Structures are given as structure tokens and as C-alpha cells.
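Quick caveat, the model's predicted, so the values are computed rather than measured. In the text below, chain A, chain B and the rest are named by the order of the sequence lines, each starting its count at 1.
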Amino acid sequence: MAKIYLDHGATTPLHPEVLEAMKPYLTDLFGNPSSLHSFGREVRKGLEEAREKAAAAIGAEEREIVFTSGGTESDNLAIRGVARAARQRGNHIITSAVEHHAVLDACLGLREEGFDVTVLPVDGYGMVRVSDVEAAITDQTILISIMLANNEVGTLQPVAEIGKIARGRGVVFHTDAVQAIGNLPVNVNDLHCDLLALSAHKHYGPKGVGVLYVRKGTRLKVFNFGGSQERKMRPGTENVPGIIGMGRAIELAVQELDKKADRIRKLRDKLIAGVLEIGDVRLNGHPTERLPGNVNVSVRYVEGESLILSLDLKGIAASSGSACTSGSLDPSHVLLAMGLDHQTAHGSLRLTLGAGNTEEEIDYVLSVMPEIVSRLRSMSPVYAGQRRD
Amino acid sequence: MAKIYLDHGATTPLHPEVLEAMKPYLTDLFGNPSSLHSFGREVRKGLEEAREKAAAAIGAEEREIVFTSGGTESDNLAIRGVARAARQRGNHIITSAVEHHAVLDACLGLREEGFDVTVLPVDGYGMVRVSDVEAAITDQTILISIMLANNEVGTLQPVAEIGKIARGRGVVFHTDAVQAIGNLPVNVNDLHCDLLALSAHKHYGPKGVGVLYVRKGTRLKVFNFGGSQERKMRPGTENVPGIIGMGRAIELAVQELDKKADRIRKLRDKLIAGVLEIGDVRLNGHPTERLPGNVNVSVRYVEGESLILSLDLKGIAASSGSACTSGSLDPSHVLLAMGLDHQTAHGSLRLTLGAGNTEEEIDYVLSVMPEIVSRLRSMSPVYAGQRRD
Amino acid sequence: MYTEKVMEHFTNPRNVGEIADADGMGEVGNMKCGDIMRIYIKVNEQDVIEDIKFRTFGCGAAIATSSVVTEMVKGKTLDEALEVTNKQVAAELGGLPENKLHCSNLAADALHKAIEDYRNKRVAEKSNLKETGK
Amino acid sequence: MYTEKVMEHFTNPRNVGEIADADGMGEVGNMKCGDIMRIYIKVNEQDVIEDIKFRTFGCGAAIATSSVVTEMVKGKTLDEALEVTNKQVAAELGGLPENKLHCSNLAADALHKAIEDYRNKRVAEKSNLKETGK
Ligand SMILES: Cc1ncc(COP(=O)(O)O)c(C=O)c1O
Ligand SMILES: Cc1ncc(COP(=O)(O)O)c(C=O)c1O
């Protein structure tokens with residue numbers, strides 16, 4: 001059976017060159033980078049080269065790069081680290097309703113500690129309004145966290161503009177660029193951000209490693225204690241093979257960006273057009289300001305998990321924002337924030353394209369989709385009554 | 001030149017079978033374990049098998065295993081997680097002066113949040129007295145954290161007895177078993193512990209992955225927010241290859257324990273005897289109640305880092321508790337807690353043996369050591385005046 | 001995640017559809033949770049379920065439980081059918097993932113509602129008859 | 001971590017030892033920090049450092065800085081030697097790790113102390129001579 005992976009938003013395979021870069025660090029180069037002897041020094045060298053690569057990829061300085069265990073940790077360290085460090089100056093945090101849970105829940109969790117959290121609404125495309133950000137800032141505001149690209153619907157946020165405003169008002173600005181890197185240019189100076197989160201496995205690097213960019217001068221209060229690794233911002237023996245892989249992956253992601261993004265964008269547009277032809281299907285997210293690989297649609301009268309299972313039986317890997325897959329009882333908070341009703345939100349299907357996908361694969365997906373949809377609709381009590389052809 | 005690795009306390013190479021187990025998860029099995037489709041389900045299966053292995057290795061149930069990014073995170077999650085969850089019941093924590101910084105600093109950091117931390121002294125061998133633990137418990141005590149085996153001097157702590165006392169007094173008990181696993185039997189029921197920390201790279205597994213055992217019913221307040229991975233105790237996409245590696249490594253560590261530990265213990269005793277023959281060398285830590293692979297000595301009139309560098313020039317990897325290598329201005333807090341004066345502490349040398357070491361290597365080390373020591377002593381202003389031969 | 005039997009029922013669901021002149025219909029669930037199940041029954045003189053059909057909007061578990069419950073009770077008397085619980089339905093499928101046990105495992109409830117609907121109608125009919133006969 | 005030059009001086013330190021009849025001796029550091037350096041000098045009539053030796057208890061940086069400073073000032077006048085700073089010593093070695101800059105980079109201080117010791121002794125001698133000559 002065909003095996004077609006259309007869930008690059010969830011995770012990506014290792015780039016073969018990333019694995020090559022990691023291999024020596026899984027065998028001979030096993031020393032602890034904190035060790036003084038040659039086994040340690042060699043590994044330290046590799047680690048610092050990875051740091052240079054990560055810094056170069058986003059226009060940062062090496063000492064502004066902190067390696068973490070992934071996007072979730074980066075987001076938490078940024079948000080909770082800044083909040084606690086800036087507590088004396090103010091207690092107000094601004095974020096958006098479409099952030100990843102790592103950001104949203106980190107912010108909301110701070111309410112318990114006396115912080116005041118403004119969760120900005122979005123428009124029908126899932127986009128934050130710059131004017132809303134501006135209007136929300138008070139003299140108590142210490143942190144703004146708005147993502148660069150949404151993981152579910154692919155909508156790109158006006159982060160550079162928000163960054164400029166934050167800078168002007170003297171507010172620390174964090175952006176979650178986990179989905180953006182490798183798909184669009186990411187430069188910490190153009191974005192005017194003070195903190196930026198990355199996760200290697202979203203850009204063909206290994207799982208379990210991420211980066212938090214921390215602009216020099218930005219104060220963080222860390223909450224893990226131990227060794228003095230990563231300038232004490234992230235104690236613990238480093239995930240060396242992971243960090244080496246992250247360095248190589250981000251280097252490749254930036255090098256291959258233009259070539260890859262254009263090709264994927266074309267496939268995406270073909271896939272969107274084809275899926276919309278099924279009828280009673282709506283595109284979620286912005287029509288143009290979206291990630292090159294993101295397709296998110298709602299298929300009316302049908303529930304998302306049953307779509308995913310049906311596609312899986314045809315060898316196609318996809319995801320959904322339906323409650324059954326969101327890990328909670330409600331469907332995706334992103335789709336609801338965009339104003340979708342529950343049925344439409346439950347019927348969402350996310351197909352995220354990546355480096356390995358081909359036009360033939362898209363053709364195959366489009367050839368099996370209509371049949372799957374009509375079978376599920378034929379079982380649906382809401383379809384039977386309300387057919388609108 | 002010979003390359004002899006005697007720093008297994010800092011980190012260990014990957015067991016070849018561990019790497020074999022990881023490989024598929026670095027290539028084809030790349031799905032996100034949270035994904036519903038086949039790519040995700042296959043990986044989920046591997047992850048749960050690793051959990052079974054980790055549970056079996058320490059006598060736990062699968063749902064009591066939380067995978068983390070390493071020993072440091074496990075220790076922090078245990079200590080700070082319990083402290084915050086139990087805040088209503090009391091504010092007193094007991095730990096020892098010879099804990100790893102991940103435990104000690106996590107505890108001390110809680111002072112800022114109003115906790116009262118008792119740091120128990122140790123005897124000359126670095127051992128905590130059970131009676132001290134018992135005497136320190138008050139009705140405010142919510143947590144005791146005492147390590148199983150010390151990473152610097154190798155001394156084994158009377159953890160099973162301490163666990164029994166903690167259980168009897170209704171106090172949550174955490175033990176850092178990072179150095180112990182694979183070197184002595186570790187069973188959470190025999191130890192009467194509620195929490196137990198492990199780190200894969202100390203037992204021939206990969207860097208950047210650990211386990212926190214959490215006995216069912218133990219309440220933790222986590223401080224990272226995001227996805228619902230690891231029952232929400234540890235959100236974020238899992239370090240899949242790392243976890244697979246940890247599972248295999250801990251399985252092997254337990255299987256090979258007896259065979260390996262006996263062999264290493266013999267080499268250790270030979271090494272200790274040989275080094276003591278140099279003269280003006282003292283053994284640090286307990287003579288018998290110590291890790292099978294740990295040799296820690298103080299070489300009088302000589303500073304530790306210069307010893308390490310000299311050994312490194314002969315291809316031998318070692319470590320020291322001297323200030324120059326401890327990352328702070330003071331020498332090892334462990335050696336000072338044991339009552340060593342500064343000079344003796346600065347002159348400490350740790351040689352930690354592992355699976356790959358041979359008797360020939362020990363012979364080589366013993367053949368070069370006297371010359372190294374006498375060269376450094378000949379440069380030493382403290383030796384010149386105080387020679388005591 | 002799902003057992004083979006769940007997937008088999010999801011792939012080849014039994015008794016999908018409506019019964020135009022159903023004797024009873026039961027619906028459970030709501031769009032907020034993303035699960036709606038509707039069960040139609042045809043009951044004969046001996047109180048036996050002669051025909052049963054379902055339509056479900058929902059996840060794999062919702063579809064499979066709907067399908068299997070129709071299979072479990074077809075040919076059974078109403079009293080027997082009323083004894084079928086959601087738990088038994090899940091067991092019949094070889095178990096369901098824990099997070100599916102509450103929201104998607106409602107097929108027995110839908111069946112019971114259909115039976116109730118049938119019985120209510122019968123009571124109404126009888127009283128109609130009585131009234132007519134009066 | 002360390003430059004090649006540091007390692008070269010660590011491996012082959014110049015001028016190790018004591019000068020039995022030294023004209024001046026300087027010691028810096030203390031056992032708490034784990035670094036003790038002692039420098040001995042022999043000064044001729046022209047105020048030139050004719051001979052210099054050191055003994056050091058300490059890390060690689062401490063030994064290498066001691067060694068290189070003796071090399072830097074041997075044959076220099078005292079005034080020239082006094083101009084040598086710890087910073088220059090580190091630069092001569094191609095740099096030192098940041099965490100070594102403060103605690104282990106004290107060789108110039110030891111040298112200055114030795115010169116001070118020499119000059120103090122000279123002053124004392126002269127006043128002795130004067131007293132004797134009186
Ligand atoms: C936008 C965004 N932020 C954060 C994360 C969290 O990253 P990780 O799961 O690697 O911790 C993800 C991925 O799930 C994401 O898509
Ligand atoms: C006893 C002990 N606890 C905790 C740790 C921390 O483990 P890791 O560095 O893997 O986070 C170590 C290792 O450095 C250790 O030896």
C-alpha cells in the first residue's frame with residue numbers, strides 16, 4: 001500500500017544529512033562536553049559549532065542561543081522565565097487565542113501566580129490584529145507572546161509589526177517560530193523579538209531538542225537548577241547528538257528554504273483546489289498568508305477522526321482539530337477562536353506537506369478523498385437531512 | 001596514543017545494542033507518537049515498550065514512569081513538583097550536603113519561596129547518618145531527598161532505611177539513583193521511595209533523556225505546560241529515539257549488572273591499591289560501601305586540574321573536584337562536606353571505571369601516574385617545604 | 001490505539017442507514033462533543049427487534065460502537081436489548097481507548113432511547129385505540 | 001579550552017624551581033581558591049632580572065602563566081618588568097578561558113611582589129649601610 005506522509009506539522013523525518021552529522025556523536029564522540037579531557041573537548045567543539053549554526057540561521061549571536069529539550073520547554077522558559085524576572089515591573093501579559101498550548105497554557109498558568117493575562121481574539125482567518133496588540137498594552141505589560149506561524153491552520157501573524165510596537169513600548173516580546181523556521185525567513189532583528197522558540201523535529205531535525213533565542217540583556221528567571229550548562233539557563237548534561245542534529249537541520253532548513261517552499265506551495269495549492277471541489281468543504285486559515293505546506297479544511301457533515309482513520313486505511317497520514325484528537329473534550333481552540341461552529345471545527349482535516357511529498361502523492365490523495373467523504377457522509381445523521389447540493 | 005576513558009561518572013558511551021535499538025527511530029519510525037495514523041501508532045508502541053522496560057528494571061508499574069530530558073530535570077520535577085503540591089501540608093524539606101547540584105540547588109532554590117531546607121551533614125566517608133534524618137523530621141516535613149550513590153566519591157547511602165523511616169512518618173521520599181542504576185540493584189519497593197531519578201547517559205544510554213519514577217498517589221505540581229504527553233507531567237513531543245535508547249539501556253544495565261559490577265570492582269580495587277602506593281595519596285569516600293567503578297583520591301601538594309591535564313596528555317580521561325573544574329570558585333562541595341581541607345579537596349582526582357576498561361589499561365595508568373605526580377609536585381611550592389617522606 | 005475489531009466495524013459498519021417507517025428512533029450525543037448517534041428500530045409482534053439501522057457523526061469509536069450494538073441486538077427481544085450496556089459494547093469490541101470510554105461509547109444509550117421511543121409510541125397508540133374504542 | 005601555547009608551557013614549563021639566594025620573592029593566591037604562585041628573582045647591578053624561577057600549585061592556566069611570565073621578563077629591567085600586566089600574560093599565551101582570567105592569572109602580580117620584595121630589601125640594606133657608615 002502507498003504510504004503518504006501528510007503530517008509534517010506534527011513532526012518530520014530526519015534529513016539524511018542530519019543523521020550523518022549526528023552519527024559520530026552516537027558512537028566515538030560520546031564525551032561529556034563539560035569534561036576537561038580530550039573526549040569532552042572534542043564534543044564541546046561540536047556543540048559550539050551547532051550553536052554557531054543556530055545563531056547564523058536566525059541572525060543571532062552565539063551566546064544568545066540556549067539549547068533546550070524542545071519547543072515546549074523553550075516556550076515555557078521564555079514566558080515563565082520573563083514573567084518571574086520582571087514581576088517587579090508589572091504583571092500583565094498579552095498573548096493570542098491561537099497560540100500553541102505550550103504558550104497559551106504557560107501564560108494562563110501564571111494567572112495563579114497573580115499575573116493578568118490578556119488573550120487577544122483573532123479574525124476569521126486566525127490572524128491577530130496589530131491594533132489589538134497596541135490597544136492592550138498597559139504600563140503593567142511586561143511580555144507579549146505571539147506566534148510567527150500557526151501550527152493548525154498555517155496562518156502567518158504580523159510579528160514584525162508587533163515586535164516593533166513592543167520594542168517601542170519597552171515590552172519584552174516572545175515569538176514561537178516552531179512552525180515557521182524552514183518555511184519562511186526568520187531573523188530575530190527583522191522580527192524585533194527578544195525571545196524566539198524553535199523545535200528541531202519540526203524542521204527535519206531530531207525530536208527532543210529545541211532552541212530558545214534570548215536577546216542579550218533579556219532577563220530570565222530559570223526554574224531548573226543544577227549544573228552550569230547553557231550559561232545556567234538550562235542545566236543538565238546536554239543532549240549532544242540532538243544538539244548536533246539541530247545545528248545541521250537548521251542550517252539546511254535555511255539553505256534549502258527558497259527551493260523547497262516554492263515547490264511545496266504549488267503542491268499545497270493543487271491539494272486545496274482539489275479538496276474544495278468535493279463540495280461542502282471550506283478552507284480554514286488565510287488563503288495566502290499561510291505556511292507553504294499547510295492545508296486545513298473542514299468537511300461538512302463528517303467528523304475529523306473518522307476522516308483520519310479512513311485516510312490512514314488508504315496509507316495517508318493526516319491530522320485533525322476534532323475533539324477526539326485534540327486530547328480534550330472540545331475541538332481545536334484555534335478553530336473555535338476563528339469563529340467556526342462546533343460541527344465545522346469537529347470536521348477539520350489538516351494535511352501538512354513536506355520535503356518528500358510529490359505531485360503523484362497529491363493526485364492519489366485527491367483520487368481517494370471523494371469516496372471517503374461520501375462514505376462517511378452516507379453514515380452521518382446530520383448529512384442525511386441537510387444535503388445542500 | 002592510548003585512549004583510556006576513566007570518566008564513566010561523567011558520561012558513558014552508547015551500548016552498541018542501544019544504538020541498534022534506536023536506529024529505526026532515527027530513520028523510518030519518525031512519526032509523532034501522539035498522531036493517530038500508522039506512522040504515529042508504530043512509534044507509540046515503541047515508546048510504551050520502552051516504558052515497560054524502564055518499569056520492569058526498577059520494580060515499578062508502567063504508569064509510574066515519566067520520561068524526562070535527563071537526571072537534572074527528573075530531580076527538579078520531583079523536588080519542586082512535590083514541594084509546590086504539598087505546600088499546604090508543610091514547608092520543610094530535608095536533603096544532604098553531598099547531593100548533586102540538581103538536587104541541592106533545587107532544594108535551596110525553594111528557600112526563596114518560603115521553604116525551610118535542612119541540609120544534613122555527612123561523616124568522613126560522605127555518608128548520611130540515618131539517625132540524623134530521623135531527628136530532622138518535623139510535622140512540617142513534606143519531602144526528604146537523599147541520593148542512592150554519590151557521583152563524586154561513590155559512597156552509597158543507607159537509602160532503604162531512610163525510605164522506611166520516611167514512609168513511617170508519612171513523608172514523601174525522593175532518591176537520585178542516577179549513578180546507582182546498573183551498578184547496584186535498584187528497586188523502588190525495596191528502597192521505599194516515592195520518587196526516583198535516572199539519567200540514561202550514565203548507564204550506556206543516550207544523553208538528553210531520563211526517567212522520573214512517581215509512585216502512584218504521589219502528587220506533583222508540574223511547571224511546564226503544553227501538550228498532554230506523559231500524563232501531562234512532562235509536556236512536549238517526546239524524545240523518541242532517546243526514550244527507546246533509555247528503555248534498552250536500562251534493560252541491559254540490569255541484565256548485565258552482576259557480571260559487570262564484579263569485574264569492575266576488581267579493577268577498581270587494583271587501581272586504588274596502586275595509586276595509594278604513590279605515597280601521600282588518600283582515598284576519598286567509603287572503602288567498601290562505594291560504587292564498583294569509583295576511585296576518588298586526593299594527591300597531596302598537587303592541584304586536580306593539572307593532574308587531569310597531565311593524564312589527558314597521556315591519553316587518560318579523568319575528572320576532579322578542584323575548583324577549576326567544579327564551575328565555581330570553591331572546590332567540590334562534597335569533599336568539603338566530608339571534612340577535607342581546601343588543599344586536599346583541590347587535589348582530588350576521580351577515576352570512574354566502566355564496561356570497556358581492561359586490566360591492561362589499569363596497568364598503564366599505574367605506570368604513568370607516579371611520574372606525573374612527581375613532576376607536578378616538583379613544581380609545587382607547598383611540596384617543597386613540607387615533604388614528608 | 002483501536003482494536004482490530006473496532007477497525008473492522010469502522011471499515012465495514014453493519015446496518016448503516018435509516019428505517020423510513022421505524023417503530024422507534026433514539027438519538028444521543030451533541031455537536032459540542034462531536035458525536036451524534038441515531039438508532040432506528042423495527043419491532044415485531046413478539047417484541048423482537050426485526051430490523052435496526054444507525055447513522056452516526058463521530059469518531060472511529062462512535063461508528064464502531066454504533067455498528068456493533070446493532071449486530072448485538074438484532075433478533076433480540078426488547079427486554080434483552082435493554083440489558084446491553086455501553087460497557088458490554090466496548091467489551092464486544094475488545095475494549096476502547098480510555099479517553100473514548102465516556103464520550104464516544106453511547107451506542108447502548110441510543111438503543112435504549114429508541115426502545116423507549118417505541119414503547120412510548122405503543123402506549124400512545126393503545127390509549128388512542130382505547131379512546132377510539134370508547 | 002586551553003590554547004596550544006598554554007599546553008606547551010604546561011607541558012614544558014620554563015624556569016621551574018627556587019633560587020636559594022634569591023634577591024626577591026613574591027607569593028600570591030591562597031589554598032582556598034586552589035592557586036598559589038611563588039616567584040624568585042635574582043637582580044644584577046643594572047637592575048636587570050638575571051635569573052627567575054617559579055613554583056606553582058594550581059591548574060593548567062596557573063602553571064602556564066607562571067612559566068610564560070618568567071620567560072617574558074628574564075633579561076628585562078625591573079621597571080620594564082613592572083609594566084607587564086596579567087592581561088599581557090594572558091595575551092602572550094593566546095588567551096585564557098574566561099573563568100580562568102581572574103583566579104589563575106596572577107603571575108604578573110607574583111612577579112611585582114617579588115620586585116617589591118627586592119626593593120624593600122634594598123631600602124633596608126641601604127639604611128643599614130647608612131647606619132653602619134654613620
Ligand atoms: C507552534 C508550536 N509551538 C510549540 C510546539 C511544541 O514543540 P515540542 O512538541 O517539540 O515541544 C509545537 C509542536 O507541537 C508547535 O507546533
Ligand atoms: C547523581 C547525579 N544526579 C543528577 C545528575 C544530572 O544528570 P544529567 O546531567 O543527565 O541531567 C548527575 C549527572 O551529572 C548525577 O551524577
Interface check, chain B: of A:Leu309, A:Leu77, A:Asn224, most non-hydrogen pairs under 4.5 Å belong to A:Asn224
Does any heavy atom of chain A fall under 4.5 Å from the side chain of B:Thr12, the backbone, both, or neither of them? backbone
Once you round to the nearest 0.5 Å, how far does CG of B:Asn32 lie from CD of B:Glu238? 6.5 Å
Separation between CD1 (A:Ile316) and CG (A:Asp7), nearest 0.5 Å, reads 12.5 Å
Using non-hydrogen atoms and a 4.5 Å limit, figure out which bit of B:Tyr25 sits close to chain A: side chain, backbone, both or neither. neither
Top contributor to chain A interface from B:Lys221, B:Gln229, B:His100 [non-hydrogen pairs under 4.5 Å]: B:Lys221
Identify which of A:Gly71, A:Gly70, A:Ala318 forms the greatest number of heavy-atom pairs closer than 4.5 Å to chain B. A:Ala318
Pick whichever of A:Asn76, A:Thr72, A:Leu311 has the most heavy-atom pairs under 4.5 Å with chain B. A:Asn76
Structural part of B:Asn239 lying under 4.5 Å from a heavy atom of chain A: both
Please round to the nearest 0.5 Å and tell me the distance separating atom CZ of B:Arg41 and atom NZ of B:Lys45. 11.5 Å
Which region of B:Glu112, side chain (C-beta onward) or backbone (N, CA, C, O), has a non-hydrogen atom less than 4.5 Å from a non-hydrogen atom of chain A, or is it both or neither? side chain
Between A:Thr237 and B:Lys202, do the side chains contain an N or O donor and an N or O acceptor separated by less than 3.5 Å? no
According to the interplanar angle, ranging from 0 to 90°, do the rings of B:Tyr5 and A:His37 count as parallel (below 30°), tilted (30 to 60°) or perpendicular (above 60°)? perpendicular
I'd like to verify something: which residue of A:Leu14, A:Val240, A:Asp105, A:Leu313 has the highest number of heavy-atom pairs under 4.5 Å with chain B? A:Asp105
Proximal component of B:Leu26, with respect to chain A [non-hydrogen, under 4.5 Å]: both
In terms of relative ring orientation, are B:His333 and B:His101 parallel, tilted or perpendicular, with 30° and 60° separating the classes? tilted
In terms of heavy-atom pairs under 4.5 Å, which option from B:Gly109, B:Pro206, B:Pro235 contacts chain A the most? B:Pro235
Could you tell me if B:Ser69 and A:Arg234 have a donor-acceptor pair between their side chains, going purely by distance under 3.5 Å? yes
Between B:Ala106, B:Gly236, B:Ala317, which has the largest tally of heavy atom pairs under 4.5 Å with chain A? B:Ala317
Among A:Pro13, A:Ser35, A:Cys107, which residue forms the greatest number of heavy-atom pairs with chain B at distances under 4.5 Å? A:Pro13
Determine, stepwise, if the pair A:Glu303 / A:Ser322 fulfils side-chain hydrogen bond (donor to acceptor under 3.5 Å, both in side chains). CA-CA 7 Å; A:Glu303 193 274 340; A:Ser322 89; 2.9 Å; yes
Assess the side chains of B:Thr95 and B:Ser145: does a donor N or O sit below 3.5 Å from an acceptor N or O? no
